[in-house]
Amino acid sequence: MIPIRLGIVRLVDSAPAVVGDAEGLFAAEGLDVTLHVEPSWANIADKLAWSALDAAIIVAPLALAMSLGLREPKRRLPVPMGISRGGNSIVVGPAVDIDTQTTDATQAAQAFAAWLRGQRTPPRFAVVHVFSTHNLLLRHWLAAAGVDPDRDLEIVVVPPERVVDALDAGRIAGFCAGAPWGERAAELGAGRVLLGTSSIRPDHLEKVLALAPDWRAANRDAAAALCRALASAQAACARADRADAVAALLAQRLDLPVAAARRALPGGAAREHVRFAAAGPVPQDEIAWLLGEMRRWSWIRDHEPPPDPATPVEDTF
Amino acid sequence: MRAAGKIDASHEASAAWRGLTRGRVAFAPAGAFPSIRAARGLQVSAHVVSNRSPVLKILLADDDEHRARALVDTLTREAPVTVVGIAPGEMLPDAVIRHAPDVVLVDMTRPDRDALEGLRVLSRERPHPVVLFVDEDDTSFMEEAIGAGVCSYNVGSIANAEVKPILRAAVALFRQLQATRTALETAEARLRERALLDRAKQLLMRDRRLTEPQAHRWLQKRAMAGGQRMVDVAEALLGQTERKETR
C-alpha cells in the first residue's frame, strides 16, 4: 500500500475524496490515502510546496498562481485532472434589496449594478481567496454590467466556513462562495442566493487535483492510480440516486450542514449544483479563460508571459 | 536571537523603500485586492515606512492563550520587540491595518489566514504587500515551521534575515507545546482505555461469574476473532449492557 496525504477543504467539491476513502476506492488501487482537512487554501498551497501534502483538491486559479509565482513559494504544480465544475453561489444579505428571482446573469448584474450606484460607500463583498474562481467569476460578472470591481465595491477575503456568520453579522453585504455555504446562508435566513456561477460561465472549471512536484516525480504510478480512484469516486458523486448518501458522508466526515450539501449535489433543489461527471482531464479552454481573466486584472504582468495553455496538462498547467 | 533594536532605523526605512520599488509588490496582484483601504489604514501604515521605530512590531494571531503568552515572553525577553494581538471578533486583515506591524505570526489552524493572501496595506501612494515568509534556501526550516503549524508574513519589505529568528523562536515553542500536548493526550487516552477495560471486566465478573483473568481472556479472544482492539470490545459490551439496563 502506497501512503498518500491528500489535502481537502470543507466543501461539497471535496466529495470525491471523501467517497473514495469511505468506499475503499483508494485501497482498491493499492493506495493508503489519508485525508487532511485543511482550514485554509493557504495551508493547502504551503503544504503542497513544503512536502506536508502529496496531493490536494485545490481551487484552480490558486494552482495557476503558484505555477506562475504570483504567490510564493513558486511551484510548477502538476495538475492531472479536474475535480468539479460550477457550484459557487453569489449570495446577498438583507441590505441588498433587489429582486433575486431571475436566473439570468445579465439581468441580475444590471439590478445589482443599479443598487450599487445608490450606495454612498463601496459595500464589502467577500470571496474565499484572492486567487479563486469566485473572485474571477464575480469580477467578470460585475464588469459585464459596467461595474468597476476595484472602485465600486470592496472585495475582501473571508474563509468559506465564516461567510455565513459574516453576512449575518452585517460585516459584508454579500459573498461568492462554494457549496454548501450559499444554501446554508439561505437556509438560516442570513441571505438570498442571487445567482449560481454556472450562469456566469456555463460549466466553468472549479476545483482541480494538484500534486506536490517532488512527490509526483518519485511516484508516477501512484499518481495515475490516484487519478483512477478519484475518477471512479467522481462517477459515484455525479449520480443523483447516490446524493443522499454522499451528503450524509460529507456531514459525517467534514461536518458540513447535511441539507444544504444535499441541495447542491446532483438532483438537489439548489439553483446551482456542483457537477462531477464532466470534470475529467483539465480542459485547456478553461485554463486559457482563467489566464485571460488573470491578465485582464493585471495579476499577470506583460513581461511575465503565462505558460502556453497548449502545454500538455499531463505535466503542468 | 538577534537584537532588532541594534539596527539603524533610518537605514532600515530606506531599505524598505528600495525593496518596494524593486518589485516585491509584484507578488500582490495589482488591483486584485482593493480592500481594507479605510482612512485609518492609510494613516497607520504610513507610519510604518517613513518613521519606522527601531523596535519591531509583531502581530501575533494565536487564539491559544497559554501558547500566545509563552511566545510573548520568549520574544520580548531576547530583543526589544512589541507584540500585539487581535481584538475579540476582529477580522485578521483589520487587525493588520490597525496595528501596522512589521511581522504577522499566524497559527496555521486559523481559517482566516487566507485573508492575508494578496492583501496590501496602502501607505501614501505606495501599497505595502503582505507576503508570506519564504526561505527557498532553507527547505528543512520551512518544513519544520509547517510541521509545527506556524507561519509568518512580512508586511512591507522587512528583510527575511530580521524575521527568521522570530519565526524560529515561534516554531520552537509551537513544537514544544505540540509535543507536550501529544504526550498528555496519549497518557489520558491510555487512562481512559484502562478504565473502560476495568469496567468491562467487572461486568463480566458480575454477570458471567468469571474471574479477573478469565474476563481478560474473554475480551482478548473476542478482540482477536473480530480483528478489533480489546478496548473496542469492552466499549461495545458496556454499551450493550447500558442499553439493556436502561430499558
Side-chain angles (χ1 to χ4, degrees), chain A residues 9-10 38-47 49-53 59 62 65 69-75 121-122 124-132 135-136 139 148-162 166 169 171-172 214 294 296-301 303-304, chain B residues 23-39 41 61 63 89-94 96-97 106-120 129-154 160:
Chain A
V9 167
R10 287 180 60 217
E38 297 293 340
S40 65
W41 289 116
N43 270 23
I44 294 271
D46 294 338
K47 290 187 173 188
W50 302 111
S51 308
L53 286 175
V59 63
L62 178 54
L70 303 180
R71 178 201 190 275
E72 287 199 88
K74 180 176 180 173
R75 293 289 185 276
T121 53
R124 273 190 169 187
F125 235 76
V127 296
V128 298
H129 192 278
V130 58
F131 296 119
S132 61
N135 196 2
L136 289 174
R139 287 167 161 273
D148 179 347
D150 291 322
R151 198 195 58 211
D152 302 337
L153 75 169
E154 188 186 4
I155 299 179
V156 298
V157 171
V158 175
E161 59 193 63
R162 291 197 181 167
R171 288 196 293 270
I172 52 174
D214 292 352
M294 289 165 86
R296 171 188 192 174
W297 304 114
S298 304
W299 299 0
I300 299 170
R301 296 180 309 174
H303 64 275
E304 287 174 325
Chain B
R24 269 272 195 118
V25 72
F27 295 115
F33 214 96
S35 76
I36 328 272
R37 55 182 170 193
D63 290 336
E90 189 176 24
M91 284 161 70
L92 182 53
D94 289 336
V96 172
I97 282 150
V106 189
D107 167 15
M108 283 177 64
T109 63
R110 291 183 75 96
D112 57 359
R113 178 156 91 89
D114 279 339
L116 295 182
E117 307 246 318
L119 177 67
R120 292 178 306 155
V130 176
V131 180
L132 182 71
F133 174 97
V134 167
D135 186 347
E136 289 282 20
D137 297 329
D138 196 348
T139 306
S140 63
F141 176 69
M142 294 307 298
E143 290 178 1
E144 200 186 332
I146 282 173
V150 60
C151 65
S152 178
Y153 287 81
N154 300 357
N160 262 5

Smallest heavy-atom separation, B/Arg113 atom then A/Asn43 atom, equals NH2-OD1, 2.7 Å
dist B/Glu117:CD -> A/Glu72:CD (nearest 0.5 Å) comes out at 11.5 Å
In chain order, what residues pass the salt bridge (Lys or Arg N to Asp or Glu O under 4.0 Å) check against A/Arg171, with sequence neighbours excluded? none
For B/Pro111 and A/Pro159, work out which heavy atoms get closest and say how close. O-CG, 3.3 Å
A/Arg10, part contacting chain B, at a heavy-atom distance under 4.5 Å: neither
Is it the backbone or the side chain of A/Val9 that comes under 4.5 Å from a heavy atom of chain B, or both, or neither? neither
Can you tell if the side chain of B/Asp114 reaches within under 4.5 Å of the side chain of A/Ser40, non-hydrogen atoms only? yes
Please report the shortest heavy-atom distance between A/Ala52 and B/Ile146, naming the atom on each side. CB-CG2, 3.8 Å
B/Met91 and A/Val158: which non-hydrogen atoms are nearest, and at how many Å? CE-CG2, 3.8 Å
Sorted by number, residues from residues 135-145 of chain B in contact with chain A (heavy atoms, under 4.5 Å): B/Asp135, B/Glu136, B/Thr139, B/Met142, B/Glu143
